[in-house]
Number of protein chains: 2
Amino acid sequence: MMSDVPQSIPASVIRRLTAYLTRAQTLCAAGVEWVSSQELAEDLGLTSSTVRQDLTHLDFCGISRRGYQVAGLQAVLSRVLGGDTVWNMAVVGAGNIGKALALHREFSRRGFTICGLFDSDPKKIGKKVGGLTIQSIQALGPLARTRRVDIGVIAVPSAAAQSVADILVAARVRGLLNLTHVHLAAPRSVPVVEVRIVASLQELAHAISLVPCRPAR
Amino acid sequence: MMSDVPQSIPASVIRRLTAYLTRAQTLCAAGVEWVSSQELAEDLGLTSSTVRQDLTHLDFCGISRRGYQVAGLQAVLSRVLGGDTVWNMAVVGAGNIGKALALHREFSRRGFTICGLFDSDPKKIGKKVGGLTIQSIQALGPLARTRRVDIGVIAVPSAAAQSVADILVAARVRGLLNLTHVHLAAPRSVPVVEVRIVASLQELAHAISLVPCRPAR
DNA sequence: TAGATTGTTAATCGATTAACAATC
DNA sequence: TAGATTGTTAATCGATTAACAATC
């Protein structure tokens with residue numbers, strides 16, 4: 001009867017759970033108490049069936065004729081998505097993207113603390129970005145280890161990405177967020193999530209070219 | 001026998017095609033002439049079967065025992081992904097992320113030109129970011145129309161995202177890149193691609209917590 | 001009660017992988 | 001020729017959707 005094995009939720013579902021969480025937070029802030037699968041589906045461009053199916057992965061039940069209690073839903077989603085945990089991040093690459101991430105307030109609000117910003121350019125080292133001082137890549141390995149960095153954010157030029165990933169993995173970082181457009185090799189115990197902005201633009205460009213031209217007015 | 005209908009390639013395949021393109025460009029620059037599906041698969045963390053299946057969507061054939069000619073593959077992928085076209089973009093929101101995008105060189109290199117940067121904050125209007133002057137949101141609609149903006153990039157606070165999207169759609173923009181964490185409603189003729197960085201971090205955090213702890217050394 | 005909405009099962013759909021004949 | 005690699009078909013796998021009994 002020992003069925004309490006922590007259920008592994010598929011990545012496709014996890015991505016939607018983050019959307020439900022954001023929505024639940026908004027509804028909660030607006031004082032809404034109950035939400036149905038149908039309403040959530042409309043808000044997020046899904047079917048109600050998908051929403052209900054997704055929420056069965058949670059240790060949380062809706063109520064017939066009322067839907068899901070917003071506050072409870074928010075709490076459960078937050079916990080499943082690691083809301084209780086604070087994650088330590090190191091951002092590598094202090095270019096435009098790296099600096100933007102270092103300054104982005106939304107991260108700390110969600111429990112992701114940036115505890116170091118690194119670059120290989122000697123001219124940048126020592127400069128301040130928000131509350132952080134840019135440090136040398138040489139310092140990355142030792143610091144990631146002593147500061148117990150959980151997540152390495154890779155925002156360097158693509159050519160340097162793999163070597164930075166290797167340094168981070170050797171420093172026992174637990175996961176990588178890859179903002180470059182090259183694939184990173186990492187051991188299976190170190191998950192990698194890719195955020196490919198240029199690829200997203202190309203995907204969008206392709207989708208656009210499939211849409212028949214609209215009339216001139 | 002009229003089978004030359006422009007095949008609609010699934011989005012899942014398009015995302016990988018962008019990866020093949022990047023890889024082909026790197027190989028081409030390195031002077032490599034041929035690449036097999038097996039090699040591409042290893043480089044990108046896929047199976048050779050997936051690679052071959054994907055490439056059948058292209059008007060391009062490999063050769064038994066040799067693989068795919070890198071230069072040709074690169075050319076065909078570039079064309080399919082809109083490499084011949086130059087896309088006009090407006091970036092809305094001149095916060096950290098918006099500014100980083102405006103300064104990011106990789107976009108223009110890939111055929112995505114930023115022709116305007118907009119913000120609602122009066123204190124920011126008139127300031128220069130790279131070659132661009134920050135303009136008022138009031139100017140967005142008219143300018144998007146007259147400058148024939150193809151793609152609107154939404155990098156404003158989440159609460160303002162939908163209204164910005166509405167302005168862009170009304171100004172006949174053809175597609176939206178959404179960098180906020182809320183879902184955007186848009187007509188089906190205006191494709192929306194979402195780049196959700198915080199959601200990616202949460203996905204990563206969840207993946208990390210599934211990995212059993214490694215021994216202390 | 002009547003009816004709306006859940007949780008769940010079964011059906012459908014699409015994407016990935018395996019397998020192999022064709023071929024260079 | 002022998003053998004490696006393609007293009008393609010069929011099998012598998014997983015994700016989404018439809019349907020509906022249970023229930024509040």
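Order of the sequence lines fixes the chain letters, A, B, ..., with proteins taken first and strands second; residue numbering starts at 1 for each chain.
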- Message: Using 0.5 Å steps for rounding, measure from the OG1 atom of A:T22 to the CG atom of A:L81.
- Response: 9.0 Å

- Item | Per B:T56 side chain, nearest of listed nucleotides D:dA19, D:dG7, D:dT16 | D:dG7

- Can you find a side chain N or O atom of B:R16 that sits less than 4.0 Å from OP1 or OP2 on C:dT16? yes

- Message: Heavy atoms only, 4.0 Å cut-off, all strands: where does B:S48 land among base, sugar-phosphate and nothing?
- Response: nothing

- Query: Can you tell me how far NE2 of A:H181 sits from CZ of B:R23, rounded to the nearest 0.5 angstrom?
  - Reply: 11.0 Å

- Message: Rounding to an integer number of Å, can you tell me how far B:L44 CG sits from C:dT16 P?
- Response: 14 Å

- Message: For C:dC24, give the paired nucleotide (Watson-Crick: N1-N3 plus N6-O4 or O6-N4; G-U: N1-O2 and O6-N3; both under 3.5 Å), or none.
- Response: D:dG3

- Message: Rounded to whole Å, how long is the line connecting atom CZ of B:R65 with atom P of D:dG7?
- Response: 16 Å

- Identify, between B:Q38 and B:Q53, the residue whose nearest nucleotide on DNA chain D lies closer to the 5' end. B:Q38

- Task: Please report the closest heavy-atom contact between A:A19 and B:R196, naming both atoms and the distance.
- Result: CB-NH1, 3.7 Å

- Task: Respond yes when some side-chain nitrogen or oxygen of B:T50 is under 4.0 Å from OP1 or OP2 of C:dT17, and no when none is.
- Result: yes

- Note on the structure: Of A:I63 and B:A11, the one whose closest nucleotide on DNA chain C sits nearer the 5' end is A:I63

- Task: Determine the contact category for B:S36: base if any of its heavy atoms lies under 4.0 Å from a base atom, sugar-phosphate if only primed atoms, P, OP1 or OP2 are that close, otherwise nothing.
- Result: sugar-phosphate

- Query: Is any side-chain nitrogen or oxygen of B:S64 closer than 4.0 Å to OP1 or OP2 of D:dA4?
  - Reply: no

- Write down the distance between CD (A:Q69) and C1' (C:dT5), rounded to a whole number of angstrom. 16 Å

- Mind listing the closest non-hydrogen atom pair of B:L140 and B:A90 along with its distance? CD1-CB, 4.5 Å

- Query: What is the base-pairing partner of C:dA15, counting Watson-Crick and G-U wobble geometry with both distances under 3.5 Å?
  - Reply: D:dT12

- Hey, which sits more toward the 5' end of DNA chain C by its nearest nucleotide, B:R52 or B:R66? B:R52

- Message: Distance check needed: C:dG7 C1' versus A:L40 CG, whole Å only.
- Response: 16 Å

- Message: Quick check on D:dT16: is either OP1 or OP2 less than 4.0 Å from any side-chain nitrogen or oxygen of A:T47?
- Response: no

- Message: Distance check needed: C:dT17 C1' versus B:D54 CG, whole Å only.
- Response: 12 Å

- Expressed in angstrom and rounded to an integer, what is the separation of A:W34 atom CH2 from D:dC24 atom P? 12 Å

- Note on the structure: Partner of B:M89 under side chain to side chain contact (heavy atoms under 4.5 Å, CB included), picked from B:L101, B:L117, B:V149, B:V153, is B:V153

